[in-house]
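Working notes, structure below.
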Amino acid sequence: VENIEVDGHMWHFKYPLADGVTYDYVEKDEDGNETLRETRNYISIATTRPETMLGDGAVAVHPSDERYASIVGKLCEIPVGPKEHRRLIPIITDEYPDPDFGSGAVKITGAHDFNDYEVAKRNGIPLYRLMDTKGAMRADGAPYADESAKAKQIVASGVLPDANSVDTINLVPEDYRGLDRFQAREKIVTDITAEGLAIMVPETDARLGPVKAPLAPEEGGEVRAEVPLVEAKKIMQPFGDRSKVVIEPMLTDQWFADAETLARPAIEAVEQGRTKFVPSNWDKTYFEWMRNIQPWCISRQLWWGHQIPVWYGPDETIFCGRTELEAYEKAALHYSTPKAVDALATVKAGRASNFLTRDPDVLDTWFSSALWPFSTLGWPDETPELDQYYPTSVLSTAFDIIFFWVARMMMMGLHFTGKEPFHTVYIHALVRAADGQKMSKSKGNGIDPLDLFDEYGVDAVRFTLAAMAAQGRDLKLDTGRIAGYRNFGTKLWNAARFAEMNDAKFDPNFEPANAKDPINRWILSSLSDAVDSVSQGIESYRFNDAAADLYKFVWNQFCDWYLELAKPVLQGDADDAQKAEARATTGYVLAEISKLMHPFMPYITEVLHEHLRGPDAGVAALAQWPEGKVRDADAIADIEWLIGLVSAIRSARAEMGITPGSEIDLTVVGAGAETTARLARQTSIISRMIRAPKVGVADAVPAGAVQIVYADVTLCLPVAGIVDFEAETKRLDEEISRNAKEIDRLEKKLGNAKFVSNAPAEVVEENREKLAGYQAEGAKLNEARARIAAI
RNA sequence: GGGCGAUUAGCUCAGCGGGAGAGCACUGCAUUGACAUUGCAGGGGUCACUGGUUCAAUCCCAGUAUCGCCCACCA
């Protein structure tokens, strides 16, 4: 079923009062002033489904509605059908009608409307069924004259017969019998209007919906012609998923489960934390539904599914049993007749009996699905599988199914096994169509994952979904994002190719902790951090964080920096031991990446895993999860300093318009012992990364140099003759202004006594350190600026 | 009508009480080099609005606006 808003009409008809009754109809405005007073001999009723008028059992008004107080308890006539057999129905009071809506009077058709059903039940109003299962007006039963006499008899006697006998009464007049409900509607509207029982309004009335054009004055019509009041109205109507046909509410016999009783332990399980929702705010949705749960209609008129385990005796007595035999046993006991006992013997002997007939209905698909966690494991038998795998652990699903499935698995699991079916319900976002709408089969606006697989690869799509699996409720899948992650897979693949070309293999004898080169120790330490953050992300269901951390580590650390830093070693004139360590590190990190990324990109990583570790290592999915082996803070500080230095120089070179190919020496001024040592260690790498033939230390800034303030030193690129001093001045001025802004901000903050006294000490200290850093940088920048000015 | 949620860069989305982030798109430069499905560098945001709490608010609270989803639905 799908609810769709459609353009409907609302008609207004007169139900004439019986026995010549009239009343003063008084309408008041908001201030209580009378705006209309007239004597009426009818009550005005609005409806969007005039064909259901035939089944009306009463007209209801609100008890506080003064307009109708004088006619409550009187009878009015349904203005449809042969005049001599028209039915009279009582005017009753009920809380349901809204006095401010329409005329304030509602016709009650208990068999064809959910609200009316409740009103009818409260007030002992008969439920007359008007349609058959095809949505056509009933054509069964006796002639209308006889049937309507039965209905009149009910009103006259004041005694409500049992539901089944009321249901046999067909109150559809011969003229409408067998018509589809829509045809009947049209004919009924025409007939009532022709008889003058439609509410008429001037044609200028603003409320008018589609109406027939009135006669023009020259054709004999009046200037202010009156036309039937038909309001255009948006109606939410249920349509069949497959049939695309309007579904009519209709009274039928169904089986219901007592959902309230089932829900109680399921609510407690979540309240007491035995089952948790992730993200946790979804438990609100769960509680909201479970605490307002309605009886659950579990029978369906379909031919597939679990059949309802109910058998009927010859007198319609109900026998419920796990098996047919059980039902026959109960029947034999109940009837104790030779026939019933014989039937039991027949069934016991394995032969068929037709003493009982089985209910043809099947269970709601969600009823059967709710059994899934344990019925798949052999339940109701006590199987080893059930013992081992129930309760399950984590249910991963989308929020749109919390009502339908999650809640019901909870109810059924607790009812039948006494245990919650899972300890965690992980709720992920829902992929929406490009237009932001929920994908739906009937709208045909879905995205076929297979098309995405064809275009971008399964790994890319999977990684994208993981990367976007954040807390949000829905996500519009951005194909640009998928393309980006496809490129990520390619990047990893090419890195592996590079490793292979350089003979960097996974070496089972390599012990990461023994690596000596700071570059290797750095990437191994970074790997340890990545292992931590990815593991943590997965364990806390933050898959997007895990994916982002992987992306940054693999691309921005391993590919962008480690492999570039390793090139001089692998391809230069380093000694054999250094080369071997770089190869082993590369192979090792790649092999660990293959495992770390395997949950996110299973295909490419499986290939890499096998390729690196050899066919005997087993599949990546079953491999030991990575573990951080090296944590070297010095190596991290060293290499991060190096990366910062290279980036700063590249940035300045690009900004100064120095062509990437040109070679410029680097002179470092103001280096302390640590920086001098670092420089010495990394000279060849720096030289290669920034195209500086010579890297040296000096006490003074060389003439005509670009000056870059970096950490505690000034990096000088002597470019006399090439450099544009105006541009250099501008660059430094911008740096100085940026720096000054930070200093200003921090000074203000630290100058605030309330901040210093109220903020945590470490925050204050942190800000002080920052300020000191900026001040030192500012001093150097100003010196650099002064040197330029001096030239 | 009831409930839930969203509003952050051009787009798709993270973040979240102490200096605004990613991918894509955009700009400049680079092509015999693992990778142009690339590299280097860069531009771009009053974190919807209005109040409040706080030493400090994109983040917490209240209200407003807009949008969305679920449930129910006025004859």
Side-chain angles (χ1 to χ4, degrees), chain A residues 3 10-12 45-49 52 59-60 96-98 100-109 113-116 119 233 235-236 281-282 284-285 287-289 292 294 399-400 402-403 429-430 432 434 436-438 456 460 464 467-468 470-502 542 544-545 547-548 551-552 556 559-560 563-564 567 571 646-647 650-655 657-661 689 741-742 745-746 749 752-760 762-764 766-767 770 774:
Chain A
N3 286 309
M10 192 161 74
W11 290 271
H12 298 254
I45 302 289
T47 181
T48 55
R49 292 187 300 154
T52 64
V59 167
Y96 166 63
D98 175 1
D100 296 326
F101 187 88
S103 68
V106 187
K107 64 189 215 56
I108 302 301
T109 318
D113 182 278
F114 293 105
N115 290 308
D116 290 9
V119 177
K233 186 163 170 53
I235 306 173
M236 284 298 265
N281 57 305
W282 286 111
K284 285 188 203 155
T285 305
F287 288 137
E288 176 66 20
W289 191 66
N292 300 306
Q294 299 297 310
F399 60 82
D400 61 337
I402 291 175
F403 292 164
L430 211 56
R432 299 206 174 274
Q437 301 263 306
K438 186 173 166 179
Y456 302 103
T464 306
M468 303 198 65
Q471 311 300 346
R473 311 166 61 92
D474 45 49
L475 58 94
K476 279 174 264 177
L477 204 54
D478 176 10
T479 52
R481 198 91 184 244
I482 307 176
Y485 292 124
R486 173 203 54 200
N487 296 354
F488 178 48
T490 308
K491 185 76 180 176
L492 175 63
W493 185 259
N494 280 314
R497 224 159 56 104
F498 171 78
E500 188 171 41
M501 289 166 68
N502 286 280
R542 312 268 311 191
N544 57 318
D545 287 347
Y551 187 94
K552 277 185 257 178
N556 303 125
C559 291
D560 285 351
L563 292 182
E564 293 305 319
K567 274 176 191 174
Q571 299 166 353
V646 170
S647 300
R650 281 176 178 169
S651 177
R653 283 176 58 125
E655 210 169 329
I658 297 166
T659 47
M689 303 288 287
K741 252 167 83 180
E742 292 298 327
R745 190 178 61 80
L746 288 165
K749 200 170 192 177
N752 182 347
K754 283 182 176 174
F755 169 72
V756 177
S757 59
N758 288 342
E762 62 265 29
V763 172
V764 176
E766 195 184 314
N767 277 278
K770 277 184 201 164
Y774 282 119

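All chains are named by letter (A, B, ...) in the order of the sequence lines, taking the proteins before the strands, and each is independently numbered beginning at 1. Just so you know, these numbers come straight off a predicted model, no measurement behind them.
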- Note on the structure: Among B:G23, B:C55, B:G19, the one nearest any side-chain atom of A:Phe755 is B:C55
- Message: Looking at every non-hydrogen atom in both residues, tell me the closest pair between A:Thr52 and A:Thr109 and how far apart they are.
- Response: O-CG2, 3.3 Å
- Message: In whole Å, I'd like the distance from the CZ atom of A:Arg745 to the P atom of B:G18.
- Response: 12 Å
- Item | Nucleotide B:A56, atom P - distance to CG of A:Asn758 in whole Å | 9 Å
- Task: Nearest 0.5 Å please: distance from the NZ atom of A:Lys741 over to the OH atom of A:Tyr774.
- Result: 11.5 Å
- Message: Tell me every residue that passes salt bridge (Lys or Arg N to Asp or Glu O under 4.0 Å) with A:Asp545, counting only those two or more places apart in sequence or in another chain.
- Response: A:Arg542
- Item | Shortest side-chain distance from A:Phe403, nucleotide among B:G23, B:G19, B:C71 | B:C71
- Message: For the C1' atoms, the ones on B:A30 and on B:U7, what distance do you get once it is rounded to whole angstrom?
- Response: 40 Å
- Query: NA contact type, A:Ala548, heavy-atom cut-off 4.0 Å: base, sugar-phosphate, or nothing?
  - Reply: nothing
Atom pairs, N/O to N/O, protein against nucleotides 72-75 of chain B, distance under 3.5 Å?
unit_1, atom_1, unit_2, atom_2, d
B:C73, O3', A:Asn115, ND2, 3.4
B:A75, OP2, A:Lys233, NZ, 3.1
B:A75, N6, A:Asp98, O, 3.0
B:A75, N6, A:Phe101, O, 2.5
B:A75, N6, A:Gly104, N, 3.4
B:A75, N1, A:Asp98, N, 3.1

- When rounded to the nearest Å, what value does the distance between C1' atoms of B:G33 and B:G28 take? 23 Å
- Query: Between atom OG1 of A:Thr47 and atom NE2 of A:His12, what is the distance when rounded to the nearest 0.5 Å?
  - Reply: 9.5 Å
- Message: Just to verify, what does A:Asp98 make a side chain to side chain contact (heavy atoms under 4.5 Å, CB included) with, not counting sequence neighbours?
- Response: A:Asp100, A:Phe101
- Task: State whether A:Ser651 places a side-chain N or O below 4.0 Å from either non-bridging phosphate oxygen (OP1 or OP2) of B:G42.
- Result: yes
- Note on the structure: A:Glu500 meets the salt bridge (Lys or Arg N to Asp or Glu O under 4.0 Å) criterion, sequence neighbours left out, with none
- Message: Give me the atom names and distance for the closest heavy-atom approach of A:Ala547 to A:Ala467.
- Response: CB-CA, 3.8 Å
- Task: In whole angstrom, give the distance that lies between atom OH of A:Tyr485 and atom P of B:A22.
- Result: 12 Å
- Query: When rounded to the nearest Å, what value does the distance between C1' atoms of B:A6 and B:U58 take?
  - Reply: 15 Å
- So, is A:Arg542 close to the B:A14 phosphate, meaning a side-chain N or O under 4.0 Å from OP1 or OP2? no
- Query: Nearest nucleotide by nearest heavy atom, which residue falls closer to the 5' end of RNA chain B, A:Lys754 or A:Glu655?
  - Reply: A:Glu655
- Hey, could you give me the CD1/CG distance between A:Ile108 and A:Asp113, rounded to the nearest 0.5 Å? 8.0 Å
- Note on the structure: Stems in RNA chain B, runs of 3 or more consecutive Watson-Crick or G-U wobble pairs with both distances under 3.5 Å, sorted by first number, are B:1-7 with B:65-71, B:10-13 with B:21-24, B:26-30 with B:38-42, B:48-52 with B:60-64
- Item | Pairwise C1' distance for B:G45 and B:A25, with rounding to whole Å | 16 Å
Could you go through nucleotides 33-37 of chain B and list every protein N or O atom that sits under 3.5 Å from one of its N or O atoms, giving the distance for each pair?
unit_1, atom_1, unit_2, atom_2, d
B:A34, OP1, A:Lys567, NZ, 3.2
B:A34, O2', A:Arg497, NE, 3.4
B:A34, O2', A:Arg497, NH2, 2.7
B:A34, N7, A:Lys567, NZ, 3.4
B:A34, N6, A:Cys559, O, 3.4
B:A34, N6, A:Glu564, OE2, 3.3
B:A34, N3, A:Asn494, O, 3.0
B:A34, N3, A:Ala495, N, 3.3
B:C35, O4', A:Asn494, ND2, 3.4
B:C35, O2', A:Asn494, ND2, 3.1
B:C35, O2, A:Lys491, NZ, 2.8
B:C35, N3, A:Lys491, NZ, 2.8
B:U37, O4', A:Asn487, OD1, 3.4
B:U37, O2, A:Asn487, OD1, 3.4
B:U37, O2, A:Thr490, OG1, 2.6

- Message: Need one value for A:Arg481: base, sugar-phosphate or nothing, where a base atom within 4.0 Å counts as base even if backbone is also close, heavy atoms only.
- Response: base
- Item | Which residues share a side chain to side chain contact (heavy atoms under 4.5 Å, CB included) with A:Asp478, sequence neighbours left out | A:Arg481
- Message: Using the C1' atom as the point on both nucleotides, what is the distance between B:G43 and B:G21, in whole Å?
- Response: 16 Å
- Here the distance between atom P of B:C71 and atom CD1 of A:Ile402, to the nearest Å, is 12 Å
- Task: Calculate the interatomic distance between A:Asn752 atom CG and B:A57 atom C1'; express it in whole Å.
- Result: 15 Å
- Message: Measuring from the side chain of A:Asp545 (C-beta onward, heavy atoms only), which nucleotide among B:A14, B:C13, B:G19 has the closest atom?
- Response: B:A14
- Sequence neighbours left out, what passes salt bridge (Lys or Arg N to Asp or Glu O under 4.0 Å) with A:Arg745? Give chain and number order. A:Glu742
- Note on the structure: Between A:Thr659 and A:Arg653 the two heavy atoms that sit nearest each other are O-NH2, 3.4 Å
- Which listed nucleotide (B:C11, B:G3, B:A14) is nearest to the side chain of A:Asn544? B:A14
- Query: With respect to the phosphate group of B:C70, does any side-chain polar atom (N or O) of A:Lys284 fall under 4.0 Å of OP1 or OP2?
  - Reply: no
- Reckon A:Phe488 touches a base, only the sugar-phosphate, or nothing at all at heavy-atom distances under 4.0 Å? nothing
- Item | For atom CD1 of A:Ile658 and atom P of B:G42, their distance in whole Å | 14 Å
Are any protein N/O atoms closer than 3.5 Å to N/O atoms in nucleotides 29-32 of chain B? If there are, list each pair with its distance.
none

- What integer number of Å spans the P atoms of B:C74 and B:A14? 36 Å
- Taking the same atom, C1', in B:C4 and in B:G23, what whole-Å distance lies between them? 29 Å
- Task: To the nearest Å, give me how far apart CD (A:Glu288) and C1' (B:G1) are.
- Result: 13 Å
- Residues passing the salt bridge (Lys or Arg N to Asp or Glu O under 4.0 Å) test with A:Lys770, sequence neighbours excluded, are A:Glu766
- Query: When rounded to the nearest Å, what value does the distance between P atoms of B:G10 and B:G52 take?
  - Reply: 29 Å
- Enter the distance from A:Trp282:CH2 to A:Ile402:CD1 here, rounded to the nearest 0.5 Å. 5.5 Å
- For A:Arg486, enumerate each residue passing the side chain to side chain contact (heavy atoms under 4.5 Å, CB included) test, keeping only those at least two apart in sequence or located in another chain. A:Tyr456, A:Ala460, A:Ala483
- Task: Rounded to the nearest angstrom, tell me the gap between atom CZ in A:Phe399 and atom C1' in B:G3.
- Result: 14 Å
- Message: Under the rule for ring pair (Phe, Tyr, Trp, His ring centres under 6.0 Å), what residues qualify as partners of A:Tyr551, not counting sequence neighbours?
- Response: A:Tyr485, A:Phe488, A:Trp555
